[in-house]
There are 2 protein chains.
Amino acid sequence: MDQITAKDAFAALAHETRLSVFRLLVRQGPGGLPALEIARRLGAPPSTLSSHLASLKRAGLLNAERRHRQILYAANLAAVNDIVRFLLEDCCGGDPAACAGIGGVILPARATPSDA
Amino acid sequence: MDQITAKDAFAALAHETRLSVFRLLVRQGPGGLPALEIARRLGAPPSTLSSHLASLKRAGLLNAERRHRQILYAANLAAVNDIVRFLLEDCCGGDPAACAGIGGVILPARATPSDA
DNA sequence: GCCTCATTTCGTAGATTCTCGAATTATCGT
DNA sequence: ACGATAATTCGAGAATCTACGAAATGAGGC
């Protein structure tokens with residue numbers, strides 16, 4: 001995870017429709033949904049949505065898998081993991097105590113990026 | 001945390017300079033850094049940096065505190081917590097088992113958005 | 001091979017964002 | 001009050017992003 005990759009991921013999420021797409025697929029789980037079904041649920045034209053799906057996929061936030069005639073898109077939760085870890089890397093200069101009181105959802109873990 | 005707030009936060013991070021600013025302040029910890037010092041370390045002109053700091057602050061990602069003649073900016077880690085929680089809300093339709101294998105940094109916690 | 005459904009690519013007009021010097025405002029020391 | 005330092009606002013050109021219909025591509029079914 002480098003600066004550019006992270007920036008692209010944030011840019012992909014910095015749009016109302018794309019954010020809705022991603023959250024919908026997070027709720028949907030690993031099974032995913034086909035492109036037209038996503039467009040239908042969000043009330044967006046297929047061509048518009050296709051470019052948004054391409055953005056999210058290019059940013060590494062979605063996995064796409066062909067299933068018969070349709071393409072199933074699913075949220076890539078590991079990517080969220082990666083960008084959060086990148087964002088909080090070496091938090092508070094590495095002092096865990098100073099970081100402790102932030103809320104509980106995020107565990108900065110170790111700063112060594114040795115595990116892919 | 002609503003859709004627009006989250007989108008603004010992602011938009012604020014979707015820029016190389018602002019992302020560098022935020023990560024620098026994460027590393028710096030609660031003490032924060034004055035604006036010109038941030039500009040100096042990142043090699044950016046003060047006026048450019050000021051607008052970026054304003055973006056990040058408007059998005060709720062930075063806290064600013066006046067300290068004598070300077071203004072100390074510090075990363076708001078709780079905001080990161082909030083946007084990640086928003087992003088993963090009702091993950092996998094609420095089935096924790098399906099979400100379990102994502103990597104370990106993020107704990108989806110409860111989906112009830114009752115706590116501000 | 002042909003028809004149909006699912007999805008993407010193309011084109012272009014419109015809207016938004018970005019940069020940074022100059023001018024401005026705010027704070028402190030004397 | 002004055003001078004110096006810290007930070008922000010203003011302005012305008014340049015660059016990037018966005019939307020969506022029409023046309024093209026891809027994958028089956030018959």
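Hydrogens, waters and symmetry mates play no part in the numbers below; they use all other heavy atoms, side chains included. Residue numbers begin at 1 in each chain, while the letters A, B, ... track the order of the sequences.
In this entry the distance linking CD of B/Glu65 with P of D/dA6 reads 18 Å, nearest Å. Protein atom CG of A/Leu72 is 15 Å distant from nucleotide atom P of D/dA27, rounded to whole Å. A/Leu36 has its CG atom 14 Å from the C1' atom of D/dA27, to the nearest Å. Taking atom CD1 of residue A/Ile71 and atom P of nucleotide D/dG26, one finds them 11 Å apart after rounding to whole Å. Look at CD on B/Glu16: it is 10 Å from P on C/dT19, rounded to the nearest Å. The distance between atom CG of B/Leu49 and atom C1' of C/dG21, rounded to the nearest whole Å, is 15 Å. For the pair A/Glu37 CD and C/dA6 P, the interatomic distance rounds to 11 Å; values are reported in whole Å. Atom CG of B/Leu62 and atom C1' of D/dT8 are 15 Å apart (whole Å).
Checking side-chain atoms of B/Thr48 against main-chain N and O of B/Ala44 turns up no donor-acceptor pair under 3.5 Å. The backbone N or O of B/Glu16 lies less than 3.5 Å from a partner atom in the side chain of B/Ser20, making a donor-acceptor pair. A donor-acceptor contact shorter than 3.5 Å links the side chain of B/His15 to the backbone of B/Thr17. Checking side-chain atoms of A/Asn63 against main-chain N and O of A/Asn76 turns up no donor-acceptor pair under 3.5 Å.
Across all strands, B/Arg40 comes closer than 4.0 Å to no nucleic acid atom at all (heavy-atom distances). When heavy atoms are screened at a 4.0 angstrom cut-off, B/Arg67 is found touching no nucleic acid atom at all. Using a 4.0 Å heavy-atom cutoff across all strands shown, A/Pro46 reaches at least one base atom of the nucleic acid.
Distances shorter than 4.0 Å separate none of the side-chain N or O atoms of B/Ser47 from OP1 or OP2 on C/dC20. For the pair A/Thr48 and D/dC20, the criterion of a side-chain N or O lying under 4.0 Å from OP1 or OP2 is met. Within the structure, a side-chain polar atom (N or O) of A/His52 is placed less than 4.0 Å from OP1 or OP2 of D/dA19.
The minimum heavy-atom distance linking B/Pro30 with A/Cys92 is given by the pair CD-SG, 4.1 Å.
When the nucleotides D/dG28, D/dA19, D/dA22 are ranked by their closest atom to the side chain of A/His15, D/dA19 comes out on top. Closest to the B/Tyr73 side chain, of the nucleotides D/dA4, D/dT8, D/dA22, is D/dT8. The side chain of A/Arg66 approaches D/dA27 more closely than any other nucleotide in the set C/dT19, D/dA27, C/dT7. Out of D/dT18, D/dT8, D/dA7, the shortest distance to the side chain of B/Gln70 is found at D/dA7.
For B/Arg67, the CZ atom sits in a loose shell: 12 or fewer heavy atoms of surrounding residues, nucleotides or ligands are nearer than 6.0 Å.
A salt bridge does not link A/Glu89 to A/Arg85: none of the charged nitrogens lies less than 4.0 Å from a carboxylate oxygen.
Between A/Leu53 and A/Arg69, the residue anchored closer to the 5' end of DNA chain C is A/Arg69, taking for each the nucleotide with the nearest heavy atom. The 5' end of DNA chain D is approached more closely, in terms of each residue's nearest nucleotide, by B/Ser50 than by the other of A/Ser55 and B/Ser50.
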task: Any chance you could lay out the side-chain contact (heavy atoms from CB on, under 4.5 Å) test for A/Phe86 and A/Thr5, step after step, and finish with the verdict?
output: CA-CA 10 Å; A/Phe86 177 79; A/Thr5 307; over 6 Å; no
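Summary of helix geometry: the two end axes of the helix from C/dG1-D/dC30 to C/dT30-D/dA1, each defined by five base pairs via their C1' atoms, are inclined to each other by 30° (rounded to 10°).
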